[in-house]
Amino acid sequence: MSSVTPKSVVKVIEPARGLRGSLTLPGDKSISHRYALLAGFAEGTSHITNFSTGADPHSSLACMTALGATATTEGRVTAITGAAGVLRAPAQPLDCGNSGSTMRMLAGLLAAQPGEFTLIGDESLSVRPMERIRQPLRSMGADIELADGHAPMVIRGGALQAIHFDAPIASAQVKTAVLLAGLQAQGTTSISEAIRTRDHTEHALRAFGAELDRDGDRLHIAGGQKLKGLDAVVPGDLSSAAFFLCAALLFEESNLVLDALGMNPTRSALLDVFIALGGAVKILDVGEQHGEMVGTIQVNRSPGGLKGLDIGGALSAQLIDELPALAAIGPYTRDGLRIRDAKELRVKESDRIALVVRNLRAMGAEVVEHEDGMDIPGGQRLRGGVIDSGLDHRIAMAFSIAALRAEGPTEIHGAEAASVSFPEFFTHLESLAVR
Ligand code: S3P
C-alpha cells in the first residue's frame with residue numbers, strides 16, 4: 001500500500017456478471033489533436049463536432065489559442081478560427097500537460113515559425129523521450145534545445161529544408177511532426193515507415209486542403225501549402241472503446257452496441273484481436289468522414305469463451321494503446337497472453353510494462369515481466385486488490401476492467417487520471433455493468 005500514488009481519487013469497482021447496453025464514445029483523441037492543430041493553423045473557421053472531452057486534446061487546443069488561434073465551444077461543436085499560417089510566440093511557455101502528442105506534433109508546426117517557443121509538460125511528460133523528434137526536425141534545419149533528451153523543449157523556428165525521413169521507430173507522432181514541418185519547408189519532404197502507423201494526420205491534412213501523395217510505403221508532402229478551415233465530426237474513440245470491448249470478453253452475458261465509432265484500418269487491429277480472443281463483432285453500419293471510417297458495431301462473446309493470444313511484431317505497434325486493457329484480461333483467458341516487441345510501452349505516460357505487472361500481482365496474478373512485454377498465464381482467479389494508476393489514464397481504466405471479474409472489490413487509486421482521455425469512463429462503466 002505504501003507505493004500507492006498519494007492524495008489521489010480512489011474508485012471502488014465491484015465485480016460484475018456482464019456488460020450490456022449501448023454507448024457513444026467521446027471523440028477520438030488522436031483525431032481531435034490533429035483537428036485542433038490544423039484548424040488552429042489554417043485560414044478561416046472550422047467547426048468540429050464531438051471534439052474529445054479528454055484533457056490531452058484540450059492541451060493541444062489551449063496551445064493553439066496561446067499561439068494566436070481562437071476557440072469556443074457551444075454544445076457539441078467547437079469553433080476554431082485559425083492563425084492563417086502565422087503563429088506568434090507567447091510570453092508564457094506552452095503547457096502540453098500530460099500530452100506527448102501535443103508536444104511532439106506541435107514541435108513540427110513550430111519548427112518552421114520564426115520566434116522562440118518553449119514547450120513544457122507535467123512530471124510524466126517531462127521524462128518522455130523527445131530526441132526522436134529533434135533528430136529529423138534538426139536535419140530540416142530547426143534549432144531545438146532539450147534538457148537531456150526531454151522537455152522543456154525550446155524551439156527557435158525558422159526556414160526549413162525538405163528531407164527524406166526513414167522512420168527508425170514506429171511512431172505516428174514523429175511522422176506527424178515531420179509532415180507538419182514538411183508542409184512549411186522548401187521542397188518536397190518524404191517519409192518511409194517500416195511499420196505503418198496510424199494515418200490520421202494524412203487524412204486530416206487532405207481534409208484541410210493539403211496535397212499528399214503515397215507511393216508504396218513512401219509519403220510525400222510539398223512545402224508551402226496553405227490549409228483551409230473545415231466542418232468535421234470526430235468519430236468515437238476506439239482506444240477508449242477498447243476497455244469496454246475487453247470487459248465484454250469477460251462474460252457470457254455481454255452485449256454492447258457502440259455507435260459512431262472510429263474504425264480507421266490503421267487503428268482497428270483491436271477488432272481482429274477481439275475476434276481472435278473469442279469475441280463476435282457485427283457491423284451494423286459503416287461510412288466515411290474526411291477519410292476516416294466510422295461505424296456502428298454490436299459485440300458479444302462467442303460461446304467458446306475467452307481464448308488466449310500471442311501478440312508481437314507489427315501487431316504490438318498497432319495495438320500499443322490497447323495493450324494495457326488486453327493485459328488486464330490476460331489472466332482470465334484460457335490459454336494466456338504473451339506480449340512481445342512492445343518496448344515502447346516503457347516510455348508512455350508511465351512505464352506501462354512495470355505498472356501492469358505490479359498491478360496484476362497486486363490482484364494475485366502470476367505474470368512474468370520481459371524487457372519488451374510480459375507473459376500472463378491463463379486460467380487464473382484474481383482477488384480484488386489495491387491498484388496504483390501511477391496517474392496513467394490507461395492503467396486506471398485497464399484495472400477497472402480487471403476488477404469486474406475479481407473476487408471482491410478493487411480500489412483504483414489515482415482514478416482521476418482517466419480524464420486525460422476519457423472523463424466519462426467510470427460513469428459509463430457503472431451504467432453498463434450488470435450486477
Ligand atoms: C498517437 C500515437 C501513439 C499513441 C498515442 C497517440 C497519435 O504514440 O501511443 O497515444 O495520436 O499519433 P507514438 O506515435 O509515440 O507511437
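Since this is a predicted model, take the numbers as computed values, not measurements.
Pairs passing the salt bridge (Lys or Arg N to Asp or Glu O under 4.0 Å) check and including a residue from residues 263-274, sequence neighbours excluded, read Asp28-Arg267, Asp237-Arg267. Residue pairs satisfying the salt bridge (Lys or Arg N to Asp or Glu O under 4.0 Å) criterion with at least one member in residues 238-250, sequence neighbours excluded, are absent.
Between Asn98 and Ser59, every side-chain heavy-atom pair lies at or beyond the 4.5 Å cut-off. The side-chain heavy atoms of Met153 and Ile155, taken from C-beta on, include a pair separated by under 4.5 Å. Residues Leu205 and Leu180 have side chains in contact (heavy-atom distance under 4.5 Å, counting atoms from C-beta outward). Side chains of Ile13 and Glu430 form a contact here, defined as non-hydrogen atoms less than 4.5 Å apart. Side-chain contact between Leu306 and Arg334 is absent, with no heavy atoms from C-beta onward closer than 4.5 Å. For the pair Val347 and Arg132, the minimum side-chain heavy-atom distance is below 4.5 Å. Side-chain atoms of Arg20 and Glu253, non-hydrogen and from C-beta on, do get closer than 4.5 Å to each other. Contact check for Leu227 versus Leu183: side-chain heavy atoms found under the 4.5 Å cut-off.
For the residue pair Arg34 / Thr201, a side-chain donor-acceptor distance below 3.5 Å is found, with atom types taken as modelled. Under 3.5 Å, the side chains of Lys29 and Ser421 contain no donor-acceptor pair of N or O atoms. Defined by atom type and a distance below 3.5 Å, a donor-acceptor pair is missing between the side-chain atoms of Ser52 and Ser32. Thr188 and His220 are not linked by any side-chain donor-acceptor pair at a separation below 3.5 angstrom, with hydrogens and angles left out of the test. There is a side-chain donor-acceptor pair under 3.5 Å between Thr24 and Asp259. Donor-acceptor pairing under 3.5 Å is lacking for the side chains of Ser8 and His413. Checking Thr266 against Gln318 by side-chain atom types alone, no donor-acceptor pair falls below 3.5 Å.
A distance of 4.5 Å separates OG1 in Thr296 from CG in Asp285, rounded to the nearest 0.5 Å. Remark: His200 NE2 to Met105 CE distance equals 9.5 Å, nearest 0.5 Å. Expressed to the nearest 0.5 Å, how far CD1 of Ile297 lies from CG of Leu271 amounts to 5.0 Å. Rounding to the nearest 0.5 angstrom, the gap separating the CG atom in Leu309 from the CZ atom in Phe274 is 13.0 Å. To the nearest 0.5 Å, atom CZ of residue Arg352 and atom CG of residue Asp321 are 6.0 Å apart. Of the inter-residue distances, the one linking Met293 atom CE with Leu261 atom CG reads 10.0 Å to the nearest 0.5 angstrom.
Counting heavy atoms of neighbouring residues, nucleotides and ligands inside a 6.0 Å radius, atom CZ of Arg206 exceeds 12 of them.
Between Asp335 and Lys307 there is no salt bridge, since none of the side-chain N atoms of the basic residue sits less than 4.0 Å from a carboxylate O of the acidic one. Classification of Glu371 and Arg346 as a salt-bridged pair holds, one side-chain N sitting under 4.0 Å from a carboxylate O. With salt bridges taken as basic N to acidic carboxylate O contacts below 4.0 Å, none links Glu202 and Arg196. Here Asp392 does not pair with Lys348 in a salt bridge; the nearest charged N to carboxylate O distance is not below 4.0 Å.
Between the Ser46 side chain and the Leu230 main chain, a donor and an acceptor come within less than 3.5 Å of each other. Between the side chain of Ser124 and the main chain of Glu349, a donor-acceptor pair closer than 3.5 Å is present. Here the side chain of Tyr332 pairs a donor or acceptor atom with the backbone of Ala402 at under 3.5 angstrom. Distance alone, capped at 3.5 Å, is enough to place a donor-acceptor pair between the Ser316 side chain and the Arg340 backbone. Looking only at distances, a side-chain donor or acceptor of Ser171 sits under 3.5 Å from a matching main-chain atom of Val174. Without hydrogens or angle criteria, Arg435 side chain to Glu14 main chain gives a donor-acceptor distance under 3.5 Å. Of the possible polar contacts, one joining the Gln380 side chain to the Glu366 backbone as a donor-acceptor pair under 3.5 Å is found. With hydrogens and angles disregarded, no donor-acceptor distance shorter than 3.5 Å links the side chain of Asp217 to the backbone of Ser192. In this structure a side-chain-to-backbone donor-acceptor pair under 3.5 Å is present from Asp372 to Asp341. Looking only at distances, a side-chain donor or acceptor of Arg134 sits under 3.5 Å from a matching main-chain atom of Ile144.
Aromatic ring centres of Phe399 and Phe243: separated by at least 6.0 Å.
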Quiz prompt | Intermediate values then yes/no, side-chain contact (heavy atoms from CB on, under 4.5 Å), Asp122 and Leu391 | solution = CA-CA 11 Å; Asp122 69 5; Leu391 294 182; over 6 Å; no
Practice problem: Step by step, work out the side-chain contact (heavy atoms from CB on, under 4.5 Å) result for Val294 and Val233. | Solution: CA-CA 10 Å; Val294 187; Val233 182; over 6 Å; no
Exercise. Starting from the C-alpha separation in whole Å, work towards a yes-or-no answer on side-chain contact (heavy atoms from CB on, under 4.5 Å) for Ile221 and Ile191.
Key: CA-CA 9 Å; Ile221 187 163; Ile191 303 176; 5.9 Å; no
Quiz item: Step by step, would you call Phe165 with Lys175 a side-chain contact (heavy atoms from CB on, under 4.5 Å)?
Solution: CA-CA 9 Å; Phe165 179 57; Lys175 172 176 67 177; 6.0 Å; no
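The two residues Val12 and Pro409 make their nearest non-hydrogen contact at CG1-CB, 3.8 Å. Considering every non-hydrogen atom in both Pro324 and Ile395, the closest pair reads CB-CD1, 4.5 Å. Scanning both residues, Ala269 and Leu315, for their nearest heavy atoms gives CB-CD1, 3.9 Å. When all heavy atoms are compared, the tightest approach of Leu94 to Ala66 is CD2-CB, 3.8 Å. For the pair Ala328 and Pro331, the tightest heavy-atom approach, listed with the atom from each and the gap, is O-CD, 3.7 Å. Closest non-hydrogen pair, Met397 versus Ala418, comes out as CG-CB, 3.9 Å.
Taking the six-membered ring for Trp and thresholds of 30 and 60 degrees, His428 and Phe422 have ring planes inclined between 30 and 60 degrees apart.
Put simply, the residue from Leu109, Leu212, Thr189 that forms a side-chain contact (heavy atoms from CB on, under 4.5 Å) with Leu179 is Leu212.
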